[in-house]
Each structure stands twice: as C-alpha cells, then as structure tokens.
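Convention: sequence-line order gives letters A, B, ...; per-chain numbering from 1. Because only heavy atoms are used, hydrogens play no part in the values below, and waters and symmetry mates are left out as well, while side chains stay in.
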Amino acid sequence: MELEYLEGLNEPQREAVLQTEGPLMIIAGAGSGKTRVLTYRISHLINHGIDPFAILALTFTNKAAAEMRQRIEKVVGSEARSIWMGTFHSIFARILRIEAHRIGYTRDFSIYDTEDSKSLIRTLLKEMNLDDKTYRVGTVLHRISSAKNGLISVNEYQRNELFRAEDEGNRIPEMGRLYRAYQDRLLKANAMDFDDLLFNTNVLFRDHIDVLNKYQQKFRYVMVDEFQDTNVSQYVITRKLAAVHQNICVVGDDAQSIYAFRGANIQNILNFEKDYPDLKIIKLEQNYRSTKTIVQAANSVINKNKAQLRKAVWTENEDGSLIDLVKAGSDNEEGVLIANSIFEEKMQHSLRNSDFAILYRTNAQSRAFEEALRRKNIKYRIIGGLSFYQRKEIKDLVAYLRFTTNQNDEEALKRIINLPKRGIGEGTIAKIIVAAGEAGLGLWDVVSNSVSFLGARLAGPIDTFATLIKSFRYTAEQKDAYETAAHIAKTSGLLKELHEDKTVEGLARFENVQALLNAIKEFVDNPQNEDKSLSAFLQSVSLLTSAEDDKDTDRDKVTMMTIHAAKGLEFKYVYIVGLEEDLFPSQMMLTSRADLEEERRLFYVAITRAEKKLTLSYAETRYQYGRLKNCEPSRFLKEIDNDYLRTNHSLSNREAYVNSFVRNLTPRKPEQINATIHTPSSDFTPSDTSRLAEGMKVEHAKFGFGTVKEIDASAHDRKARIFFDKAGEKTLLLSFAKLRIVES
DNA sequence: ATTTATATCTTTTTT
DNA sequence: AGATATAAAT
C-alpha cells in the first residue's frame, strides 16, 4: 500500500511525504502536484498509526478541505473523517464554540457576515453623529478588519500614534472610538464577525494557557495549505499550536499570493525561516498539469514581478497549441465568441462541458457569457457570485433562526422584527435600541418587557413579536433543527408571504426557502452530525460561501468563476476574459493600493489553471453604469511573449450584435413597452436593428411573456421603439432589469 | 407606518 | 444599469 502511492512521486515529492517530523516548508509551484503530496502525507501519517484526531489541516476554502478529505479517504478509508480539516474560520469557530465562556461569549454566539457588519457600522455612525460620507462604511470596516487581522486590539489601536496620525490624515479621527464601539456592540450581541473568529482565538490562547495547552497536546501534526495567503492572526495561531510538537508543515507558493487585500502577508513565508531555524525547505518545481506553451507563457508573466522567491517551474509535457487571443467588439460579443469557441472545440475534440472554464476578474462579468451559453444550449454553472446564503429570503429565515438561538443578536432582530409587517417602524426600533442602551440592558430585555420601557401604545405589536420568539425558543429546546426551522418558517408568516407572491421571482424565492429547509433536513439526517440542535446547524452554515451544488447531479457543465475562486482548480480549456486595462488589472488595485504585482500574480494563477489550451479575450467596448465605455487592451497582453500567442481574427457577426442590444426597456402604459435598441457602431441603421428585433419574445417577471408586434424605427440615435402584448394582469412596475429577450 | 417617486452612488477579489 | 438612500405622497 505504502509503496504503491510513493511509486508515482518524483524525488522532492516523495521527500515531502516522508518528512513528517519537525518544521517543513514546501514551496509548490503551480501544477506541481501539491494536493497529491498533502494527501499522501496525511495518509502516510495515519497508516503509521497516528490518530486522525491529532492531525490539524487548515485550508482556505471549504471546497479544498472537502476535496482533500475525499482523496485521503480513498487511501486510508473512513478514518479520514476524523481529521480536523477545514478552513481557518470553521475550525476555530468550532473551538471557540466549545470554549466560548472563557472569553465572555456563550456557545450560541452568532456569526455576523459582511452585510451585518456594515449595517452595524451604519447604526453606530448614526448614533455617534458621524457623517457617513466622510466615514465610508466600507473604509471603516476595512480599517477595523485590517487591525484585527494584524492582532491590533482596540486599546492598542487607540494608544498607537501612527494609527491616530493616519486616521487624522484621512479625516476620520474617530476611527479608534468607532472600533471600540463596534467591538462593544458585537460582544453585547454575543456575536463575532469573520475576523473575530481568528482574533478571539488568539485572545483565548493568550489568556488561557490551560486551553492552549490542551490543543497543543491534541494536535501533534499541524498543516497549512495556501500558506502564502495567511495573515498575521492566522500565522500566530498556527505557530502557537505547533509550539510543543514542532511538527508544522506549511505549503505555499509566493507567486500565487492573491489575498493581500484581506490581510495576507507574504512576510509570513520569510518570517517562517526565522521562527524555525532548523526548518527544512522542499521545492516542487516540475509542473505536471500544463503544456510547455502554457508553463512558459506563465513564467514570462510572473518574471516581470520583482518581489518573489526565485523558482523555476518547468515541465516535460508536450508543447501544445498556441494561446489564442480573441478581440471582441463588445462585452456581449465577447460572450458570443467564447460560446462559439467552446462549441467548436467541444465538437472538434469531442470534449465535455466540464473540460471548460471561463475565468474573469469580477463577478459582474458573468452575464454576457451566461446569455451566450444559454443561447447555444451549453450547460454552465457559476461558482461564487451571490451565494445562496446571501439571498434576501434565505437571510430572512436564517435571521429568525439566529434570533431564536441568540436573543442578543441585534442585526438579526432588526431584520425580522417587522417582517412580515407588524407595524413596528424604524422609529420604534430606534427607541428600543436607545432604551436598551440607557438601561444598560440587551435588546431582548426591552423587547420582552416592552410595556414598562416604551409604554402601552408602542408595546402592542412588539409584544406579539416577543411572544412569537418565546414560543420558537421553546420549540427549539424540544425539537431538532429541521422541525424547529420548518415550524418557524410557517408560524412567522414568512412562507405565507412568499407563497402569495405569484411572480416568477416570488416563486423562485419560495423554492429557495424550501431548499434551505431541505438542507437543514439533510443536516439533521446526517449521522456524522451528533449535535442536531438549531444552533449547531447555524454554526455550520454561517461559514459556507456557496450552497455548493451537491445535489446537482449533472456535473457536465462549463464552469464560470472569478480567478480568485479558481485557485487550486484545473481545466483542459481555460478562457481568461475581460483583459482590459482598468478591469484586469483592476483600476482599484492600481490607484488605491498601487499593487500591480498582486494583479500580475492573479493573472499567473489564471494562466496556470489551463492544461491543454488557453484563450485570452478582451472587448473594445463594455457597458458600465448603463453607458457604453471604450476599453483599452490590458497591459498584461503585451507582457506575454509573442511567440506563444496567436491572434484570432474571427469577426463578429451582425446577428450576434443585435441579439444582445435590446436594452433600456421602459414601460409607458401597461400594454406598451418602450424598448431602446442600442447598436455599438454606426454600421447599423435603425431599420437594420428593428428588422432583427421583430418577432423576438420578451420576458418580464411581473407580467410574463409578450411578443414584439410592431417596431417604430423612426427614432434617431440608433434606437427603436418596440410595442408588444400585455400578458399578465398585475400592474406594470418598474423593475426594468427583469425585462429581457429570451428568444429570437 | 408604508408605499411610491426621485436622487445619488456604485467602481474588486472572499472567509 | 442596478442598488440603495432620501423625499414625498398616501
């Protein structure tokens, strides 16, 4: 067994697997079989009698953890389930839940997501009378987040002259007070944000030596994947945990560090050598994934960066085909061209949809590709974007669940107290918060005794709400998570409200809530989950990014995602799209952080996802904020050695244009829709466009389908008006965005 | 308190 | 264009 899995490894790989004792750093180039090495290394430990419970493996995404666990299970069997493997956030949330009472929390603490955090900051700004235009919510949160990721406590922050000077320079001198107020409120709400999960773990280990000792003894082997993306807070935790046994293994690639914006610190790699003088370093430089062309093009890009550990990634693979460069007239045409290319390559080389990936810089870019692929009947899936758990209806129900387990959760309370409408307006909510603050009590104390705090007039509806929550709390004590959640969904009136909404969107929302309930049922039915309480479910759910299509049996789909989400994955054919200056590299990155090198590393990550063939594309025009904007090709395109490139001269076809140019659909009267058709170039006469638009079917969520009947092409300015049948009975309202062409 | 009209801002990546 | 905040109307 052992020989079997060592057989396929090259020398440094084998060494990395066998070197289980003492500090080890593996510098793993892209495609060098890193996951394989990690998998075998852990399997090797288990095969040699190490208790899986003594192994801690930290990754950056849930997906990476799940995949590795699966692969280990193939080698060692069901023992793999016992390994402590997961993201930093999920592992330490688990530990914090066990030890919460030590640091002033209860085990039912809530986890605030970014939306909750921002909402809290907004209320704080109001309460402290600070202008939200000078104190931008995003900036404030980012500032607090960086402090916590760098292990700077509130006290230190306020004491530190450097921060004070910086904040005064930025005209936000109250930052220190804000930070304090924010942390106070989180503690009062028995809630932690993402950064607190790490920060508070540090506090826990610092102030409670016995707890630290317990986990130091427990984890004999500590492993960190994607080490280049750890921040100070994460690094200190792992260093402390490994302090006794010194069996720490970190795996990373400085060339793939793409999370500096989140506090990741390449310094960690350099410090690592200082912290562990007898550190062993192994470099994996042979690439098994990609063709020579791709590997060399990637090298030529990354070598433009100054800050890097020199490392020579090479491959014995074949040369492979050249990199295609596609120029499109518009973002929509870019979608069509890529969809066509996928279609053709698929036919020519008899490939599967799942062999293809489209990678972009920002989530917003996915639209054009979705539309083009849908038209060609190519199945696709999108990773990331608005995840399932960020949707309004899901967050609403989750807020009910959160508040049922934790009555101090202020953000959850604000969300649900008047949902469905109970006649509790913003004014009333503000009064509740003020009353609680004055009495030095929690919100729930006020809500559950509303008469004595707010008088009988306001108390009526609040009382109803309080009684409802009390009954939910009782249910939660008696029943498991699923029964409780189903009961809450029904009794709160959430389901009823959604059920009455017969629009397309309303239907989808209703189904989403059902899907959440199903997910809770699965959680309860899973024998691996011992604790079936509502609060246990919430814990597991708050750290999920996306509701991964586990239930989606059809895996043969083209994958679309941001480059960040693509790290660690590989595909035969990869399309990197939107290679335009200011988009990729992102303008923000260049102006606010002046970090072109991180953008270039991002490009490097994208290129090295490809196994067989890479296609790059950019558009000359792109819709942004409703306007057509001219784009310049990205500087990155010029950085690729011409020897590896082949420009694709395929010209766009007219039909493709027009299909995607029906825009600005403006309802005037219920039976009439004003649609504006923009064309990108003066090649198109108004009659040209209108002829093509005729007969198209139009879909609007509020009133179903209609067919284009008549087109008034007399309008100037490359616009045409469209009239079509009214097909629904609801009053026509104004979500123009939902209007789209479904078929021509 | 709630709905509806109008104005303003957005401008990245993710646990 | 679309989301969100604010003002005005109900």
Enquirer: Starting from C1' on dT12(B), measure out to CD on Glu580(A) and report it in whole angstrom.
Expert: 15 Å
Enquirer: Sort me out a list of protein N/O and nucleotides 8-11 of chain B N/O pairs below 3.5 Å, or just none if empty.
Expert:
from: dT10(B); atom 1: OP1; to: Arg136(A); atom 2: NH2; distance (Å): 3.0
from: dT11(B); atom 1: O4'; to: Tyr625(A); atom 2: OH; distance (Å): 2.6
from: dT11(B); atom 1: N1; to: Tyr625(A); atom 2: OH; distance (Å): 2.7
from: dT11(B); atom 1: N3; to: Tyr625(A); atom 2: OH; distance (Å): 3.4

Enquirer: Could you check how far CG of Leu583(A) sits from P of dT13(B), rounded to whole Å?
Expert: 10 Å
Enquirer: For Ala65(A), enumerate each residue passing the side chain to side chain contact (heavy atoms under 4.5 Å, CB included) test, keeping only those at least two apart in sequence or located in another chain.
Expert: Thr59(A), Met85(A)
Enquirer: Any side-chain N or O of Arg262(A) under 4.0 Å from OP1/OP2 of dT12(B)?
Expert: no
Enquirer: For Phe60(A) and for Ile424(A), find the nucleotide of DNA chain B with the closest heavy atom, then tell me which residue's nucleotide is more 5'.
Expert: Ile424(A)
Enquirer: Without decimals, in angstroms, what is the distance between Arg601(A) CZ and dT12(B) C1'?
Expert: 16 Å
Enquirer: Nearest of dT14(B), dT2(B), dT12(B) to any side-chain atom of Lys421(A)?
Expert: dT2(B)
Enquirer: Kindly indicate whether the side chain of Met68(A), heavy atoms from C-beta on, has any atom under 4.5 Å from the side chain of Asp225(A).
Expert: yes
Enquirer: Whole angstrom is fine here: how far is it from CG in Leu141(A) over to P in dT12(B)?
Expert: 14 Å
Enquirer: Which residues pass the side chain to side chain donor-acceptor pair (under 3.5 Å) test with Ser257(A), not counting sequence neighbours?
Expert: none
Enquirer: Using the side-chain heavy atoms of Thr362(A), tell me which of these nucleotides is nearest: dT13(B), dG2(C), dA5(C).
Expert: dT13(B)
Enquirer: Need one value for Asn418(A): base, sugar-phosphate or nothing, where a base atom within 4.0 Å counts as base even if backbone is also close, heavy atoms only.
Expert: sugar-phosphate
Enquirer: Between the side chains of Asp195(A) and Ser233(A), does any donor sit under 3.5 Å from an acceptor?
Expert: no
Enquirer: List for me each residue that meets side chain to side chain donor-acceptor pair (under 3.5 Å) alongside Thr87(A), sequence neighbours excluded, and say none if there are none.
Expert: Ser90(A)
Enquirer: Expressed in whole Å, how much space separates the P atoms belonging to dT13(B) and dT4(C)?
Expert: 15 Å
Enquirer: Below 4.0 angstrom, N of the basic side chain to O of the carboxylate: do Glu598(A) and Arg601(A) qualify?
Expert: yes
Enquirer: Just how far, in rounded Å, is P of dA5(C) from NZ of Lys118(A)?
Expert: 11 Å
Enquirer: Whole angstroms only, please: what is the OH-C1' distance between Tyr360(A) and dT12(B)?
Expert: 13 Å
Enquirer: Using a 4.0 Å heavy-atom cut-off across all strands, classify Ser90(A) as base, sugar-phosphate, or nothing.
Expert: nothing
Enquirer: Distance check: side-chain N/O of Thr114(A) vs OP1/OP2 of dT14(B), anything under 4.0 Å?
Expert: no
Enquirer: Expressed as a whole number of angstroms, how long is the span from Gln365(A):CD to dT12(B):P?
Expert: 12 Å
Enquirer: Of all the nucleotides listed (dT3(B), dT14(B), dA1(B)), which has the minimum atom distance to the side chain of Thr428(A)?
Expert: dA1(B)
Enquirer: Reckon Tyr259(A) touches a base, only the sugar-phosphate, or nothing at all at heavy-atom distances under 4.0 Å?
Expert: sugar-phosphate
Enquirer: Sequence neighbours excluded, which residues qualify as side chain to side chain contact (heavy atoms under 4.5 Å, CB included) partners of Arg143(A)?
Expert: Tyr157(A), Phe163(A), Glu166(A), Asp167(A), Met175(A)
Enquirer: Select base, sugar-phosphate, or nothing to describe what Ser586(A) touches, counting heavy atoms under 4.0 Å on all strands.
Expert: base
Enquirer: Starting from C1' on dT14(B), measure out to CG on Leu197(A) and report it in whole angstrom.
Expert: 14 Å
Enquirer: How would you list, by chain and number, every residue that makes a ring pair (Phe, Tyr, Trp, His ring centres under 6.0 Å) with Phe92(A), sequence neighbours excluded?
Expert: none
